[in-house]
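Here is the structure we will look at, set down as structure tokens.
Small disclaimer: the values here were computed from a predicted structure and weren't measured.
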There are 2 protein chains.
Amino acid sequence: MNDSVRRRGRPARLSQDAILLVAQEIVESGGIDALTMRAVAERLSSSPMAIYRHVRDKDELLLLLLDRVAATLERPELPADPRQRLIVLWRFLHDELAAHPWVVGVLAGGDLAGRSILWLVEEILQAFLACGLTAEQAGAAYRTVWQYTVGVLTIRIAMARTTSDLDRPTFQTAMIAAADPGQTPAIAAFAGEWPHAFDNYDFGLNALLDGLIRRP
Amino acid sequence: MNDSVRRRGRPARLSQDAILLVAQEIVESGGIDALTMRAVAERLSSSPMAIYRHVRDKDELLLLLLDRVAATLERPELPADPRQRLIVLWRFLHDELAAHPWVVGVLAGGDLAGRSILWLVEEILQAFLACGLTAEQAGAAYRTVWQYTVGVLTIRIAMARTTSDLDRPTFQTAMIAAADPGQTPAIAAFAGEWPHAFDNYDFGLNALLDGLIRRP
DNA sequence: ACCTGAACACCGTTCAAGT
DNA sequence: ACCTGAACACCGTTCAAGT
């Protein structure tokens, strides 16, 4: 603001904010593989090493990026019924992660956290409590649905990658389609519908909630 | 066996089998990151490019490796009760994958497949059918538990990686420990026991089965 | 204080040449 | 037919030097 606090030395041309901005652009348009330190530097017309003055390493860049995305999330409208609230909250989380697939890999390394997302965790725990679970049960329930959610997204993302990269007909799908009805009748039975109906987050979510919240 | 079928040209010094053998050694001892084409070549005292005569690319090497592990699995003893059978089967799959963490990443790209593991899929589907599900329901149930299993393992593997690499106290765990009881009381409530009780495959598995198999 | 240039120690993979 | 050597097009990151 005023130049009494101006620092000594060469003035900064780059800033952490500018770095994160282009990093986000790169990752949203080109995916996580496109995000390299060199690519970030190039978009800023600087040398790769200039980045390291503003960010410790690539891992830190990813965590900062994560919090940036989390901060832009608008909180969804929540219904009064706690079971319905859980559906809305988890579906919200699922959809946001599906929209930013690169986040999943970064996030898997720890539990869902970052201070700009704690409200979501709190809401989920509160909803579980409102369903009649104890604090301990609510924690276990949260972790379980989180694990399921990561699984759904990890598989979907990995499949999108392998099927788009090359055009092999998924190899696995082909194998199941060729299943021998004599050896593996149950597999052969629905080999036809196997490839479809993969986007079934709701199905598993409901089953999981049924099991976690033992309704009377 | 006899030299009437001997081929023309320079005799092969390498073989796909030898390549897969050292590749497996490398991956089991050093993890998936240690498995590079160059490392395989070095152990065989050959040039990196010699590998490509026996394997199309690294992806194919991984898939071949996968089938090799699958082929060595011994089938577990199965109880008569279908619900118990499901527990044993999924626990078996979970434990085998946990013992070979590198497999999880390769496997996430498609559904569980590879002809040497189809028996497991078949057994699981049969057990779901024996629990009273329709063929369609059994397929959906299989996918759901598979997604959950991938999630559990993905998170555990990623956490093991980040916590061993550096020694940051998980960053996320630290944040949860510092949760403000005023803002996020539910989180603060069990912040203490958060780090423990993470190896809870059975808990989620049972909840999921409860939800999937609507018992009378 | 901030940025650059050259370099290190890696990758997977292609291509032309040797045996 | 099989293998080698050199090279290409990449990575993240360190280190010493410039402004």
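For C:dG12, the paired nucleotide is D:dC8, the pair qualifying as Watson-Crick or G-U wobble because both relevant distances are below 3.5 Å. C:dT19: Watson-Crick or G-U partner is D:dA1, with both key distances under 3.5 Å.
Residue whose closest nucleotide on DNA chain D sits further toward the 5' end, between B:Arg38 and B:Leu14: B:Leu14. Along DNA chain D, the nucleotide nearest to A:Pro48 and the one nearest to B:Pro11 differ in position, and the one closer to the 5' end is contacted by B:Pro11.
Spacing between D:dA7 and C:dC11 at atom C1', rounded to whole Å, works out to 14 Å.
Nearest nucleotide to the B:Met49 side chain, out of D:dT13, D:dG5, C:dG12: D:dG5. Taking only side-chain atoms of B:Arg10, from C-beta outward, the nucleotide of D:dC2, C:dT4, D:dT13 with the closest atom is D:dC2. Ranking D:dT13, D:dC11, D:dC2 by closeness to the A:Thr36 side chain, first place goes to D:dC11. Distance from the side chain of B:Met37 is smallest to C:dG12 among C:dC3, D:dC3, C:dG12.
Between A:His54 and C:dC2 there is no side-chain N or O to OP1 or OP2 distance below 4.0 Å.
Taking atom CD on A:Glu42 and atom C1' on C:dT4, their separation rounds to 15 Å, with Å as the unit. A straight line from CZ of A:Arg56 to C1' of D:dG12 spans 15 Å, rounded to a whole angstrom. Atoms CD1 (B:Ile19) and P (D:dC2) sit 11 Å apart, rounded to a whole Å. The CZ atom of A:Arg53 sits 12 Å away from the C1' atom of D:dC15 (whole-angstrom rounding). Rounding to whole angstrom units, OH of residue A:Tyr52 and C1' of D:dG12 are separated by 5 Å. The interatomic distance linking A:Asp33 (CG) with D:dA9 (P) rounds to 20 Å, in whole Å. Put simply, CG on B:Leu44 is 14 Å from C1' on D:dC2, counting in whole angstrom units. One atom, CD1 of A:Ile51, and another, C1' of C:dC2, lie 12 Å apart when rounded to the nearest Å.
Under the 30°/60° scheme for interplanar angles, the aromatic rings of B:Trp119 and B:Phe92 are found to be tilted.
For the residue pair B:Thr149/B:Tyr201, the side-chain donor-acceptor check at 3.5 Å is satisfied.
With hydrogens and angles disregarded, a donor-acceptor distance shorter than 3.5 Å links the side chain of A:Glu122 to the backbone of B:Ala186. Without hydrogens or angle criteria, B:Asp57 side chain to B:Glu60 main chain gives a donor-acceptor distance under 3.5 Å.
Every residue two or more places apart in sequence or in another chain that forms a side chain to side chain contact (heavy atoms under 4.5 Å, CB included) with B:Ala140 is listed here: A:Phe203, B:Arg143.
Counting any heavy atom pair closer than 4.0 Å across all strands shown, A:Ala50 reaches a base atom.
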